There are 2 protein chains.
Amino acid sequence: MERLLSNIKISINEKCYLKDPESSDLGKRIVENSIILIDEIGFDNFTFKKLGVKIGSNESSIYRYFESKHKLLLYLTSWYWSWMEYQLVFSTHSIPSPKLKLEIAISILTQTTVLDSNFSHINEVVLKRIVINEYSKSYLTKEVDLENKEGYFSTYKRLVTRLKDFILELNNSYEFAFSLASTVIDGALHMQFIKDHFQSISDKKMEKEPTEFYKELVFKTLNIA
Amino acid sequence: MERLLSNIKISINEKCYLKDPESSDLGKRIVENSIILIDEIGFDNFTFKKLGVKIGSNESSIYRYFESKHKLLLYLTSWYWSWMEYQLVFSTHSIPSPKLKLEIAISILTQTTVLDSNFSHINEVVLKRIVINEYSKSYLTKEVDLENKEGYFSTYKRLVTRLKDFILELNNSYEFAFSLASTVIDGALHMQFIKDHFQSISDKKMEKEPTEFYKELVFKTLNIA
DNA sequence: CAAATATAATAGTAATACTATTATAAATGA
DNA sequence: TCATTTATAATAGTATTACTATTATATTTG
């Protein structure tokens, strides 16, 4: 848990960790460097042993914070979604126009460039890359229903729900608001992957950001001029 | 490679296998039962040893067909996309109206119920579940660029391109045709996962199929009444 | 300064994802 | 038909992974 501009917290299910990594220097180094190492070698090749070498600490010490690399991934991705939620809430808070609010929300959720922030030990640019490349692996498992029940995905689902509410504020007769919301949130991540790796099926106009694509998609679908 | 109604073939990059599994009874049993076993225990828990037990054969014999379980997954998912491509091409071949063509295409790509087919040893219903739950893992790797160059994802990309062409036939000034195509194809898989596991962010109207959602999304985005 | 707590070091385990070698069975061809 | 090729099965072995458990050594705190 970390305070952001003394308002909202980065809220992460406590079951993700055995000992709060924010509570010690070692914990912060674990989080900071796991982000860097997962980005470098990929989650599949990432081990606590390698992370131990990187931070000059021992494998067993890392296990005192996270019981598995899967839980660490849940921690990191929850952090990301919580941070997104914060940006969403903060940026739309004082906007009265539902249309502008939704527009801002789509911008935040689909932009490729990442806002600087004050979390010394978390590099949000790199964390975003991890979410693009590894988030799916956190739920595409046989344990997803159990873990979902235990609340590991609630931050993500709350973000989708917030976007759905913005959609309904603008057009409350639309019957697929949840689906449209997750199309934007999950689609934007996937679109970034396509742009980075499958250029031959990426639109030229996508060169900068998918924001325009999603804005048009959403507003046309909602019959908003 | 397998002929379908003496017309199109299920085309799979030969690099996926060491020995064509269609060329022997053991090969077919490997493919047939790997689909069933991956569905049962998930790709992460799937091993050639367990598959060997299931088919009453030896681990080492399976390795003579597929050099790794990753290559097997590439084989199975390529098979799926090739089969989808076949259905798409076959069902739209004689349709002159671009709108109807695109409508049919969206139906095929987003329907949850799966058409029966004549491939004795491949259960398409189960294979679809595998694609929903495991396809991402085939490309969310550090080797994706290399494997993409080697053509392992070409069937999938060709399918996206076909749908993009349908979109452009209907509205050739639309600048995000590729993105819209992959939104439909990949989104539909993801939507099925959400419906199955994250019901709290799934729309009530989604209970049957996401087809209506995607048709509306596409036609409104393309300014088609 | 003693006790509690955090971290590090060492060792060990079952399973994974393979490779390599040899043995045996089945199919084919001269 | 029998020799040869080819397919399959069995066995063994490897480095790595994803941990757990135990003990030792720092560091902090009361």
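The model shown is predicted, which means the values in this text are computed figures rather than measured ones. Below, chain A is the first sequence line, B the second, and so on; all start at residue 1.
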Backbone N/O of B:Ala188 and side chain of B:Thr110: donor-acceptor pair under 3.5 Å | no
Between the side chains of A:Lys15 and A:Tyr152, is a donor N or O closer than 3.5 angstrom to an acceptor N or O?
-> no
D:dC19 base / A:Glu59 side chain donor-acceptor hit below 3.5 Å =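 Yes, the side chain and the base share a sub-3.5 Å donor-acceptor pair.
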Rounded distance (Å) that lies between atom [atom2] of [N] and atom [atom1] of [X]:
{"X": "A:Asp44", "N": "C:dA17", "atom1": "CG", "atom2": "C1'", "answer": "14 Å"}
{"X": "B:Arg64", "N": "C:dT21", "atom1": "CZ", "atom2": "C1'", "answer": "13 Å"}
{"X": "B:Phe48", "N": "D:dT8", "atom1": "CZ", "atom2": "C1'", "answer": "16 Å"}
{"X": "A:Phe46", "N": "D:dT17", "atom1": "CZ", "atom2": "P", "answer": "12 Å"}
{"X": "B:Asn58", "N": "D:dA12", "atom1": "CG", "atom2": "C1'", "answer": "12 Å"}
{"X": "A:Phe66", "N": "D:dT20", "atom1": "CZ", "atom2": "P", "answer": "15 Å"}
{"X": "B:Asn45", "N": "C:dA15", "atom1": "CG", "atom2": "P", "answer": "13 Å"}
{"X": "B:Arg29", "N": "D:dT8", "atom1": "CZ", "atom2": "C1'", "answer": "10 Å"}

Heavy atoms under 4.0 Å, any strand shown: does B:Tyr65 hit a base, just sugar-phosphate, or nothing?
-> sugar-phosphate
Reckon B:Lys49 touches a base, only the sugar-phosphate, or nothing at all at heavy-atom distances under 4.0 Å?
-> nothing
Consider the side chain of B:Ser68, meaning its heavy atoms from C-beta on, and name the nucleotide among C:dC18, C:dA8, C:dT16 that approaches it most closely.
-> C:dC18
B:Lys69 charged N/C atom sitting above B:Phe43 aromatic ring, 6.0 Å / 45° | yes
For B:Ser60 and D:dA12, is the shortest distance between a side-chain N/O and OP1 or OP2 below 4.0 Å?
->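 The answer is no; no side-chain N or O of B:Ser60 sits under 4.0 Å from OP1 or OP2.
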Would you please confirm or rule out a distance under 4.0 Å between OP1 or OP2 of C:dA15 and any side-chain N or O of B:Lys50?
-> no
